[in-house]
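Everything on this sheet refers to the single structure shown next.
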Amino acid sequence: MKPSIPKGTRDFGPTEVLKRRYIIDTIRKVYEEYGYQPLETPAMENLNTLMGKYGDEGDKLLFRVLNQGQKVKKADLTALEEGNLAKFSNSLAERGLRYDLTIPFARYVVMNQHQLTFPFKRYQIQPVWRGDRPQKGRYREFFQCDADVVGSNSLLNEAELVQVFNKVYSQLDISVTVRLNNRKVLAGIADVIGCEEKMMDITIAIDKLDKIGLEGVQKELSNRGLGDDEIKEVSNFLAIEGDIPTKLSQLENLLATSETGMKGVAELKTLFHYISQVAIQVDVELDVTLARGLNYYTGTIFEVVANDVKMGSISGGGRYDDLTGTFGLPGVSGVGISFGLDRVYDVMEELGKFETISINTTQAMFINFGGETEAFAFKCLQELRKAGVPAEIYPDNAKMKKQMKYANTKQIPFVIFTGSEEMETGMLGIKNMETGEQEKVAVNELVNYLA
RNA sequence: GUGAUUGUAGCUCAGUUGGUUAGAGCACUGGAUUGUGGUUCCAGGGGUCGGGGGUUCGAAUCCCCUCAUUCACCCCA
């Protein structure tokens with residue numbers, strides 16, 4: 001048979017793993033610097049934990065884990081006959097692969113509420129699964145790097161998360177724009193035009209502004225059932241321009257009649273004030289058209305895009321006022337962000353940011369000359385490892401050329417010769433693979449030489 | 001779920017209006033060089049042309065089906 005892996009999944013070879021680890025380590029260190037603590041949850045959750053949390057689209061994209069053993073008898077064949085495929089497929093599975101890290105976190109918080117000290121700050125770097133059609137920057141298995149804080153309404157949390165974006169992307173040397181908005185502002189827009197129930201339709205439409213333009217948005221609003229006057233009012237919001245204080249005051253004017261909207265503006269004002277107090281190198285924008293994010297966001301919304309690469313958002317996040325409510329713990333507010341590891345990787349690859357990262361860890365390799373010298377080299381090797389120097393010996397007495405080629409391909413910086421002559425004199429030949437120079441070094445000097 | 005795209009050696013790709021034994025570069029193996037890689041030269045191995053069916057004297061090439069890929073829409077990291 002021809003070997004293959006499932007659609008939208010990937011193998012990661014040694015160099016890819018090292019590059020991915022570099023990104024993960026960068027994010028993890030910044031998270032820890034800001035007081036977030038690690039958490040890991042199972043790949044699988046009970047389906048009822050997951051269902052209904054991500055909208056209809058999300059439910060469709062959930063990977064279900066088929067029931068096994070006696071549980072297959074639970075299959076609802078009546079539903080199948082009636083053509084109710086959704087009901088039928090739900091009867092086949094009770095568990096599913098996690099779709100994001102936020103819902104499992106909420107579940108964890110509720111289950112452990114009495115053990116946790118609030119505000120609780122956690123980070124989580126694990127894979128998630130979605131049954132999308134793969135395309136650029138979109139995979140069926142991908143890593144998210146989340147940081148969330150629950151049990152605090154303070155906008156200082158939001159400000160710190162912007163700092164986290166700033167620090168991580170500065171360290172990774174990616175030029176990005178952090179876009180900010182507030183769900184309450186979006187609700188306010190629907191509010192002032194008297195279409196509260198159409199908030200989702202409006203946000204989905206205006207979110208496409210940069211993609212389909214003003215006329216496209218207006219057309220979409222019309223398709224979604226808005227009248228001409230209402231569309232005109234929405235257009236006023238799309239026309240907001242200028243620096244952040246200007247935008248905020250324009251928003252204030254337009255939203256004056258909406259309590260919710262004004263609250264959103266006030267929150268944005270506070271957040272931008274906090275941000276202005278600290279050093280931020282990346283671009284931070286207020287974008288009224290930013291609507292993206294999952295259904296449960298209620299306050300601040302974050303999105304990060306790379307400035308020099310055409311790719312969807314590489315990070316996102318937001319505040320959710322009642323995330324744990326569905327699990328029986330109402331009134332706990334949280335805010336969090338997520339880095340899309342795979343997209344960050346793709347961006348860095350496209351920008352050539354990995355060229356300076358070393359793909360090798362082995363510092364020295366012993367050539368294997370066979371016979372007694374093999375054991376001698378093996379013994380010398382132990383000295384290096386004991387001193388913490390990553391080293392290896394070529395395991396077979398292969399041709400010199402083959403061994404050298406192996407060291408060269410693996411980019412091992414030093415090759416050590418321990419033939420019969422070296423064994424007698426105790427002076428080992430050590431070759432610098434970069435310069436091609438070779439020297440004689442005593443066995444007990446090896447560690448110092450390589451240090 | 002919708003619409004396109006591309007499938008030829010391990011990888012990246014040529015392959016003319018359908019015409020002899022399907023090619024190149026890189027990679028790999030051996031040799032020039034029996035204790036010295038990365039440069040050079042020589043030689044070699046490696047192909048169900050994604051799969052199935054059809055048209056034809058003849059198909060990598062044209063038609064149909066199918067599978068896979070990539071991209072876009074929807075939605076999202």
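Chain A is the first sequence line, chain B the second, and so forth, proteins listed ahead of strands; every chain is numbered from 1.
Phosphate proximity of C74(B) to K208(A): present, with a side-chain N or O under 4.0 Å from OP1 or OP2. For G35(B), the OP1/OP2 oxygens have no side-chain nitrogen or oxygen of K399(A) closer than 4.0 Å. Contact annotation: K136(A) side-chain N/O to U70(B) OP1/OP2 distance is not under 4.0 Å. Considering only side-chain N and O atoms, Q135(A) lies under 4.0 angstrom from the phosphate OP1 or OP2 of A72(B).
Heavy atoms of G137(A) sit under 4.0 angstrom from at least one base atom. Residue Y139(A) is classed as a base contact, given a heavy-atom separation below 4.0 Å to a base. Within the nucleic acid shown, K402(A) has no heavy atom closer than 4.0 Å to any nucleic acid atom. Contact annotation for S338(A): no contact, since no heavy-atom pair falls under 4.0 Å across all strands. Using a 4.0 Å heavy-atom criterion, one finds that L341(A) contacts no nucleic acid atom at all. If you check every strand for non-hydrogen atoms under 4.0 Å, G429(A) touches nothing. When heavy atoms are screened at a 4.0 angstrom cut-off, S420(A) is found touching base atoms of the nucleic acid. At a threshold of 4.0 angstrom between heavy atoms, the contacts of E437(A) with the nucleic acid are absent. Using a 4.0 Å heavy-atom distance criterion, Q438(A) is classed as a base contact. Across all strands shown, F417(A) has heavy atoms under 4.0 Å from base atoms, whether or not it also approaches the sugar-phosphate.
Where E421(A) and I204(A) each meet RNA chain B at their nearest nucleotide, the meeting point lying more 5' is that of E421(A). Checking G419(A) against K211(A), the closest nucleotide of RNA chain B that is more toward the 5' end is the one next to G419(A).
Within the shown strands, nothing qualifies as a pairing partner of U48(B) under the Watson-Crick or G-U definition with both distances less than 3.5 Å. Nucleotide G3(B) has C71(B) as its partner under the Watson-Crick or G-U criteria, with both atom distances under 3.5 Å. Summarising the base pairing, C26(B) is matched to G10(B) through a Watson-Crick or G-U wobble pair whose two defining distances lie under 3.5 Å.
Judged by distance alone, with hydrogens and angles left aside, K431(A) brings a side-chain donor or acceptor within reach of the base of U36(B), the pair sitting under 3.5 Å. Side-chain atoms of E422(A) come within donor-acceptor range of the base of G35(B), with a qualifying N/O pair under 3.5 Å. For G38(B), the base has no donor-acceptor partner in the side chain of N408(A) [N/O atoms by modelled type, under 3.5 angstrom]. Put simply, the side chain of R130(A) and the base of C75(B) share no donor and acceptor less than 3.5 Å apart.
Salt bridge E392(A)/K410(A): present, at least one basic N to carboxylate O contact under 4.0 Å. Of the charged side-chain nitrogens involved, at least one lies within less than 4.0 Å of a carboxylate oxygen, so that D342(A) and R20(A) count as a salt-bridged pair. Using a 4.0 Å cut-off between a side-chain N of Lys or Arg and a carboxylate O of Asp or Glu, R130(A) and E141(A) do not qualify as a salt bridge. A salt bridge does not link E33(A) with K29(A): none of the charged nitrogens is closer than 4.0 Å to a carboxylate oxygen.
Rounding to whole angstrom units, CZ of residue F366(A) and C1' of G37(B) are separated by 18 Å. Here G1(B) presents its P atom at 6 Å from CZ of R133(A), a figure rounded to the nearest Å. For the pair F302(A) CZ and C76(B) P, the computed distance is 18 Å after rounding to whole Å. Separating the OH atom of Y394(A) from the P atom of G37(B) is a distance of 14 Å, rounded to the nearest angstrom. A straight line from CD1 of I430(A) to P of G37(B) spans 18 Å, rounded to a whole angstrom. Atom C1' of nucleotide G37(B) and atom CE of M365(A) are separated by 9 Å, given to the nearest angstrom. The CZ atom of R10(A) sits 16 Å away from the P atom of A77(B) (whole-angstrom rounding). Across the protein-nucleic acid pair, M311(A) atom CE and C75(B) atom P stand 20 Å apart, rounded to whole Å.
You'll find that the side chain of K405(A) is closest to C28(B), out of C28(B), U36(B), A77(B).
With centroids closer than 5.5 Å and planes inclined by less than 30 degrees as the test, Y406(A) and the base of G37(B) fail to qualify as a stacked pair.
By the 30° and 60° cut-offs, the orientation of the rings of Y31(A) relative to Y36(A) is tilted. Ring orientation note: the planes of Y320(A) and Y296(A) are nearly perpendicular, at an angle over 60° on the 30°/60° scale.
For Y345(A) and F12(A), the distance between ring centers is not under 6.0 angstrom.
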